[in-house]
Amino acid sequence: MRSTKKYDVVVVGCGLMGAALARTLARQGYSVAAWNRSPERALALADAGVSPVTSLDEAVRASRISIACTDSYESTRAALQPVTDWDTTTLVNLVSGSPDEAENMARWVGERGAAYLDGFIACYPNDIGSPRVMIVVSGPAALWEEHKDIFVSLGGASQHVSDEVRGAGVLGAGMLG
């Protein structure tokens, strides 16, 4: 039986940063689902108003935006491999990586018919939600505009830096050396 629950956001990856993203969005009134390959990490967020989910496929279909916060592009692809329908959601990958990895991910996501933004988070988990926090995002400006409210909720200084999906990766590489 398929769930009829709808979410504003699904967070993929519930480590320190992913959990901070999910808790902050829930605290700000968004309907948030969370998935982690170790289900107990998602379950630990239930007290914060986050719905832990076991089916990432259903959660992605039920959300307008999916935010991946895993340890690598490869682990994000592995987690999202089972998703069968991307028609109703945008994927945002907030994994620090290279510009080439961002382009490869955009291609992989595009082959599945999904919309895609790439980015990175420029703060510590405890700072998520602060007006001084910046989430740097690149990809189609129209997608940024559609989801800007979510990014600004997570960090008041969040910015769209380029229509080119590799733009955030270039800036991140320059900042981190």
Side-chain angles (χ1 to χ4, degrees), residues 7-36 41-42 44-45 47-51 59-60 63-73 75-76 79-80 89-106 109-110 114-177:
Y7 304 102
D8 296 314
V9 183
V10 59
V11 175
V12 179
C14 300
L16 292 175
M17 189 62 81
L21 297 172
R23 281 192 304 271
T24 299
L25 289 167
R27 187 171 50 251
Q28 293 187 16
Y30 290 96
S31 173
V32 181
W35 177 92
N36 199 78
R41 285 193 173 194
L45 297 171
D47 288 345
V50 176
S51 299
V60 166
S63 301
R64 71 180 185 110
I65 185 171
S66 299
I67 299 175
C69 189
T70 67
D71 63 353
S72 68
Y73 283 87
S75 62
T76 296
L80 296 170
T89 192
T90 296
L91 174 63
V92 179
N93 195 25
L94 296 178
V95 174
S96 296
S98 74
D100 289 344
E101 286 176 305
E103 282 188 342
N104 290 337
M105 186 65 144
V109 171
Y116 182 69
L117 292 168
D118 195 82
F120 70 91
I121 302 167
C123 72
Y124 295 108
N126 289 343
D127 294 329
I128 292 293
S130 165
R132 69 182 180 279
V133 164
M134 181 183 290
I135 297 177
V136 178
V137 178
S138 59
L143 284 178
W144 161 259
E145 288 299 327
E146 181 180 343
H147 301 295
K148 182 178 180 178
D149 60 320
I150 289 173
F151 295 111
V152 172
S153 293
L154 294 170
S158 295
Q159 293 290 313
H160 178 257
V161 295
S162 176
D163 286 334
E164 298 292 324
V165 76
R166 66 186 289 123
V170 169
L171 185 58
M175 288 173 67
L176 300 174

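Values below: every heavy atom of this structure, side chains too, minus hydrogens, waters and symmetry copies. Position 1 is the first residue of the sequence, and the numbers go up from there.
Minimum heavy-atom separation, Val12 to Thr70: O-CG2, 3.8 Å. Considering all non-hydrogen atoms of both residues, Leu117 and Trp144 come closest at CD1-N, 4.0 Å. Across every non-hydrogen atom of Trp35 and Cys14, the tightest pair is O-SG, 3.6 Å. Contact record, Gly167 with Ser138: N-OG, 3.6 Å, taken as the closest heavy-atom pair. Nearest heavy atom pair, residue Val11 against residue Gly18, reads CG1-O, 3.6 Å. Smallest separation of non-hydrogen atoms from Asp8 and Arg64: O-CG, 3.2 Å.
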Stepwise side chain to side chain contact (heavy atoms under 4.5 Å, CB included) check, Leu94 with Ile135: CA-CA 8 Å; Leu94 296 178; Ile135 297 177; 3.9 Å; yes

How far apart are the C-alpha atoms of Ser72 and Ser75, what are their side-chain angles, what is the distance that settles it, and do they pass the side-chain hydrogen bond (donor to acceptor under 3.5 Å, both in side chains) test? CA-CA 5 Å; Ser72 68; Ser75 62; 3.2 Å; yes

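Asp47 and Arg27 are not joined by a salt bridge, as no carboxylate oxygen comes within less than 4.0 angstrom of a charged side-chain nitrogen. Classification of Arg166 and Asp118 as a salt-bridged pair fails, no side-chain N sitting under 4.0 Å from a carboxylate O.
Taking OH of Tyr73 as the start and CG of Asn93 as the end, the distance is 5.5 Å to the nearest 0.5 Å. From Leu16, atom CG reaches atom SG of Cys69 across 9.5 Å, with rounding to the nearest 0.5 Å. Rounded to the nearest 0.5 Å, atoms CG (Leu91) and CD1 (Ile65) are 8.5 Å apart. How far CG of Leu171 is from CD of Gln159: 10.5 Å, rounded to the nearest 0.5 Å. Rounding to the nearest 0.5 Å places CD1 of Ile150 at 11.0 Å from CG of Leu21. A distance of 11.5 Å separates CG of Leu143 from OH of Tyr116, quoted to the nearest 0.5 Å.
With a 4.5 Å cut-off on side-chain heavy atoms, Arg23 and Leu45 count as touching. Using a 4.5 Å heavy-atom threshold, the side chains of Val137 and Phe151 count as touching. Between Leu154 and Ile67 there is a side-chain heavy-atom pair separated by less than 4.5 Å. Residues Ile121 and Ile128 are in side-chain contact: their nearest non-hydrogen atoms beyond the backbone lie under 4.5 Å apart.
The backbone N or O of Asp100 sits nowhere less than 3.5 Å from a side-chain atom of Glu103 that would complete a donor-acceptor pair. Using modelled atom types, no side-chain atom of Ser63 and backbone atom of Ser66 make a donor-acceptor pair closer than 3.5 Å. Remark: the backbone N or O of Ala33 is not paired with any side-chain donor or acceptor of Ser51 at under 3.5 angstrom. Judged by distance alone, with hydrogens and angles left aside, the side-chain atoms of His160 form no donor-acceptor pair with the main-chain N or O of Lys148 at under 3.5 Å. A side-chain donor-acceptor contact under 3.5 Å links Gln28 to the backbone of Ser153.
Between the side chains of Thr90 and His147, a donor-acceptor pair is found at a separation under 3.5 Å.
With Val32 as the partner, the side-chain contact (heavy atoms from CB on, under 4.5 Å) test is satisfied by one option alone out of Val10, Thr24, Val50: Val50.
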